[in-house]
K.L.:
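One structure follows; several queries about it will come next.
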Amino acid sequence: MDKLKKVLSGQEDANSDGTGIIERANQASSLAWKTRMKGFGVCFVLGVLCSVLGSCLLWLPRVGLVVFAVLYSVGNISALFSTMFLMGPLRQLKSMCAKERAIATAIMMVCLVLTLCAAFWWKNNGLALLFCVLQFLAFTWYGLSYIPFARDGVMKLCSMCV
């Protein structure tokens, strides 16, 4: 925190130790473990509430699917951001782009954007619902990548069912 104060007051050169802006922001924003857990809990609960509320409002006439798509997407973003409290933003972004998660992350983000595009600009309810389902599947696959051998188990289960 002292480094941040010195840099902001102009007493120290911003790049004197050779670290970049992202590393400095990550160091300056270090939170206590209790605070991280509270942030994680709040973001995760908000994400779940948005998703559940969106599911409940799905059945509203004319606007239900749009409201569902928006709340479901906001819920997924909030749930994703909740893990940034645990790991830190830089480490989370590196983890999301790791070899075993890169494809699931990319599909999840693309489906999230396409869900909102289908709901607002294209006004296509079928596409919005399809992208919500794909968003769910990609987010599930992304989450399974953090559990050792979970993806292998799911693949084996699906192959047994088919």
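Basis for what follows: all heavy atoms, side chains included, without hydrogens, waters or symmetry-related copies.
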K.L.:
Around atom CZ of Phe139, are there more than 12 heavy atoms of other residues, nucleotides or ligands at under 6.0 Å?
P.N.:
yes
K.L.:
Are Leu114 and Leu80 connected in the hydrophobic side-chain network, where two residues link if heavy atoms are under 4.5 Å apart?
P.N.:
yes
K.L.:
Is Tyr146 reachable from Leu93 through a run of I, L, V, M, F, W or Y residues, each pair having side-chain heavy atoms under 4.5 Å apart?
P.N.:
yes
K.L.:
Where is the tightest heavy-atom contact between Ala128 and Thr115, given as atom of each residue plus distance?
P.N.:
O-CG2, 4.0 Å
K.L.:
Met108 vs Asn76, test: side-chain contact (heavy atoms from CB on, under 4.5 Å). Steps then yes/no.
P.N.:
CA-CA 9 Å; Met108 181 175 58; Asn76 274 348; 5.7 Å; no
K.L.:
Out of curiosity, does Phe81 fall in the hydrophobic cluster containing Met109 (side-chain heavy atoms, cut-off under 4.5 Å, transitive links)?
P.N.:
yes
K.L.:
Answer yes or no: is there a donor N or O on one side and an acceptor on the other, between the side chain of Ser95 and the main chain of Arg91, under 3.5 Å?
P.N.:
no
K.L.:
Which distance, rounded to the nearest 0.5 Å, do you find between the CG of Leu46 and the CD1 of Ile77?
P.N.:
13.0 Å
K.L.:
Flag the pair Met160 / Met155 as yes when at least one side-chain heavy-atom distance between them is below 4.5 Å, and no otherwise.
P.N.:
no
K.L.:
Distance-only, no hydrogens or angles: does the Ser78 side chain make a donor-acceptor pair with backbone N or O of Gly75 under 3.5 Å?
P.N.:
no
K.L.:
Side-chain heavy atoms nearer than 4.5 Å, only ILVMFWY residues, links allowed to pass through others: does that put Leu112 and Val110 together?
P.N.:
yes
K.L.:
Do Leu134 and Leu130 have side chains that get closer than 4.5 Å, going by heavy atoms?
P.N.:
yes
K.L.:
State yes or no: do Trp141 and Ile103 share one hydrophobic cluster built from I, L, V, M, F, W and Y residues joined by side-chain heavy-atom distances below 4.5 Å, directly or via other members?
P.N.:
no
K.L.:
Taking atom types as modelled and ignoring hydrogens, do the side chains of Ser145 and Glu100 form a donor-acceptor contact shorter than 3.5 angstrom?
P.N.:
no
K.L.:
For the residue pair Ala79 and Phe44, what are the closest heavy atoms and their distance?
P.N.:
CB-CD1, 4.4 Å
K.L.:
Where is the tightest heavy-atom contact between Leu116 and Trp121, given as atom of each residue plus distance?
P.N.:
O-CE3, 4.1 Å
K.L.:
Check whether any side-chain heavy atom of Cys43 sits under 4.5 Å from a side-chain heavy atom of Phe85, and report yes or no.
P.N.:
yes
K.L.:
At their closest point, which heavy atom of Leu86 faces which heavy atom of Arg36, and how far apart are they?
P.N.:
O-NH1, 3.6 Å
K.L.:
Indicate yes or no: at least one non-hydrogen side-chain atom of Gln92 is less than 4.5 angstrom from one of Met87.
P.N.:
yes
K.L.:
Any side-chain heavy atom of Leu90 within less than 4.5 Å of one from Lys94?
P.N.:
yes
K.L.:
Please report the closest heavy-atom contact between Phe40 and Thr83, naming both atoms and the distance.
P.N.:
CD1-N, 4.2 Å
K.L.:
Which donor-acceptor pairs under 3.5 Å do side chains of residues 47-72 form with protein atoms, sequence neighbours excluded?
P.N.:
residue: Ser51; atom: OG; partner: Gly47; partner atom: O; Å: 3.1
residue: Ser55; atom: OG; partner: Ser51; partner atom: O; Å: 3.0

K.L.:
Can any side-chain N or O of Thr105 pair as donor or acceptor with the backbone N or O of Met96 at less than 3.5 Å?
P.N.:
yes
